[in-house]
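One structure below.
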Amino acid sequence: MSVDALELRPRNSVALFDAALRLCVTTTGVWAITLPTGAFLVAALFNLLEAVTRNHELTGPVALFTAAWLARAVSQGAACHYVDQQILGTTPPSVRKSLLAALKRAPSLVIGSAWLFALNLMLWFFTLGIGFFFIGAHVAGYAAIMRGQGSVLALYGTCARLLGPTRHFAPWVRMCGLTQVLLGINLHVAIAVGLSLLHSLFGFDVTFADRFCSLDNPTWLGTLVAVTFSLFEPVRAATASLMLIDGRVRQEGLDLIAQVEQLPVRKRSRGTPLAASASL
């Protein structure tokens with residue numbers, strides 16, 4: 001169902017990220033869309049790392065990882081569509097309808113995924129990572145593609161136009177996303193504590209698992225990064241959609257309209273019936 005009119009108000013970067021987290025906690029649709037592709041991505045990365053460490057042929061693992069990344073692009077588009085329908089739609093959102101909408105725009109999502117990957121790579125290479133703190137309008141890339149406005153090859157300009165004043169908050173929203181590092185640390189600590197409890201309380205032999213889950217194991221580090229990245233996928237989709245909605249609120253003045261709609265309605269004057277009664 002659509003949100004209450006009072007929710008149509010501008011938010012700063014921290015409030016936008018907090019709203020995205022709350023939205024992901026209260027809905028299961030984005031998880032149903034993103035978790036399968038996230039698991040596919042983790043498995044593909046695990047296969048690729050194993051092939052690299054054992055010096056196997058890399059053609060198959062690389063192709064599998066590429067397919068997982070493209071599937072991830074489609075799932076991000078579907079998740080953005082689901083969040084947009086949940087917030088602004090008049091009917092309850094549907095996972096199937098969101099997936100169908102993303103499949104219709106699959107070519108644009110695939111091209112946009114490659115474009116975003118190249119842009120982020122150039123930002124890190126040519127600006128030595130400094131551009132991460134100043135350029136961030138493309139965070140809403142998948143949500144903008146699902147809107148169907150503008151060319152995919154000019155995705156950054158389209159995102160900046162749709163975001164409006166919100167584009168100035170986009171880099172700070174990206175910095176809020178760095179909290180996934182804390183999620184990765186918590187996952188590693190939780191698994192280490194779980195293995196320790198299995199060994200001390202139940203007597204299980206966890207030597208191999210404990211050795212594999214060590215921070216000096218590159219395969220475990222890659223798996224931990226992939227799992228953390230996949231668990232943050234719903235938050236990314238929700239953040240992208242909320243940023244576009246915030247940009248529309250700021251540009252069209254929907255927050256002012258919402259405040260006007262909440263004003264009390266003046267009751268109709270009863271002076272005429274009273275005057276008629278007095279005359280009679």
Side-chain angles (χ1 to χ4, degrees), residues 20 24 30-80 95 99 102-103 106-107 109-125 129 132 138-139 141-143 145 174-195 206 208-240:
C24 292
V30 288
W31 293 96
I33 294 173
T34 57
L35 279 184
T37 54
F40 184 26
L41 185 64
V42 171
L45 181 61
F46 188 84
N47 188 27
L48 179 60
L49 290 175
E50 185 178 7
V52 171
T53 54
R54 297 188 178 184
N55 296 322
H56 291 172
E57 178 66 30
L58 297 179
T59 303
V62 170
L64 184 64
F65 182 78
T66 304
W69 189 261
L70 298 182
R72 179 247 177 191
V74 176
S75 70
Q76 276 289 296
C80 291
V95 173
L99 287 174
L103 289 176
L109 290 171
V110 169
I111 297 173
S113 175
W115 190 93
L116 291 173
F117 180 81
L119 177 61
N120 289 323
L121 187 63
M122 288 188 295
L123 285 177
W124 281 103
F125 181 77
F132 179 86
H138 57 287
V139 174
Y142 291 110
I145 292 174
R174 292 183 66 183
M175 292 183 64
C176 291
L178 293 178
T179 53
Q180 60 185 311
V181 177
L182 299 177
L183 176 61
I185 295 174
N186 290 333
L187 283 176
H188 175 74
V189 172
I191 292 175
V193 171
L195 292 177
V206 295
F208 175 79
D210 187 66
R211 179 65 188 89
F212 176 79
C213 298
S214 177
L215 291 178
D216 59 354
N217 184 9
T219 305
W220 169 245
L221 286 177
T223 305
L224 189 64
V225 170
V227 170
T228 306
F229 183 87
S230 300
L231 290 177
F232 242 74
E233 288 290 82
V235 181
R236 293 188 184 91
T239 302

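- Put simply, the side chain of S230 gets close to the backbone of A226: a donor and an acceptor are under 3.5 Å apart.
- In F117, the CZ atom is not crowded: 12 or fewer heavy atoms of neighbouring residues, nucleotides or ligands sit closer than 6.0 Å.
- Counting only residues at least two apart or in different chains, salt bridge (charged side-chain N to carboxylate O under 4.0 Å, His left out) contacts with residues 227-239 comprise R72-E233, E233-R236.
- Taking every heavy atom of both residues into account, G184 and T228 meet most closely at CA-OG1, 3.3 Å.
- Partners of W220 by side chain to side chain donor-acceptor pair (under 3.5 Å), not counting sequence neighbours, listed by chain and number: H188.
- The CZ atom of F212 sits 9.5 Å away from the CD1 atom of I191 when rounded to the nearest 0.5 Å.
- For L221, the side-chain contact (heavy atoms from CB on, under 4.5 Å) test picks out L215, with sequence neighbours left out.
- For V74, the side-chain contact (heavy atoms from CB on, under 4.5 Å) partners at least two apart in sequence or on another chain are A102, L103, A106.
- Without hydrogens or angle criteria, N186 side chain to L182 main chain gives a donor-acceptor distance under 3.5 Å.
- Every pair tested for salt bridge (charged side-chain N to carboxylate O under 4.0 Å, His left out) that includes a residue from residues 175-188 fails, sequence neighbours excluded, so the list is empty.
- The side-chain contact (heavy atoms from CB on, under 4.5 Å) test applied to A143 returns C80, A240, S241, L244, not counting sequence neighbours.
- At distances below 3.5 Å, at least one donor-acceptor pair connects side-chain atoms of W31 with backbone N or O atoms of C24.
- Taking CG of L183 as the reference point, atom CG of L187 lies at 4.5 Å (rounded to 0.5 Å).
- N120 is linked by a side-chain contact (heavy atoms from CB on, under 4.5 Å) to L123, H138, R174, counting only residues two or more places apart in sequence or in another chain.
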What donor-acceptor contacts under 3.5 angstrom involve side-chain atoms of residues 34-48, with partners at least two apart or in another chain?
unit_1	atom_1	unit_2	atom_2	d
T34	OG1	V30	O	2.7
T37	OG1	T34	O	2.9
T37	OG1	S75	OG	3.0

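- The side-chain heavy atoms of T53 and P218, taken from C-beta on, include no pair separated by under 4.5 Å.
- Taken to the nearest 0.5 Å, the CG atom of L224 stands 11.0 Å off from the CG atom of N217.
- Annotation: side chain to side chain donor-acceptor pair (under 3.5 Å) contacts of S214 (sequence neighbours excluded): D216.
- Screening residues 180-190 for salt bridge (charged side-chain N to carboxylate O under 4.0 Å, His left out) gives no qualifying pairs among residues at least two apart or on separate chains.
- Using a 4.5 Å cut-off on side-chain heavy atoms (C-beta onward), V227 and L231 make contact.
- Shown here for G177 and F232, the closest heavy-atom pair between the two residues is O-CE2, 3.9 Å.
- Minimum interatomic distance between A51 and E57 (heavy atoms only, all atoms of both residues): CB-O, 4.3 Å.
- Atom CD1 in I111 sits 9.0 Å away from atom CD1 in I145 (nearest 0.5 Å).
- Qualifying ring pair (Phe, Tyr, Trp, His ring centres under 6.0 Å) partners for F132, counting only residues two or more places apart in sequence or in other chains: W124.
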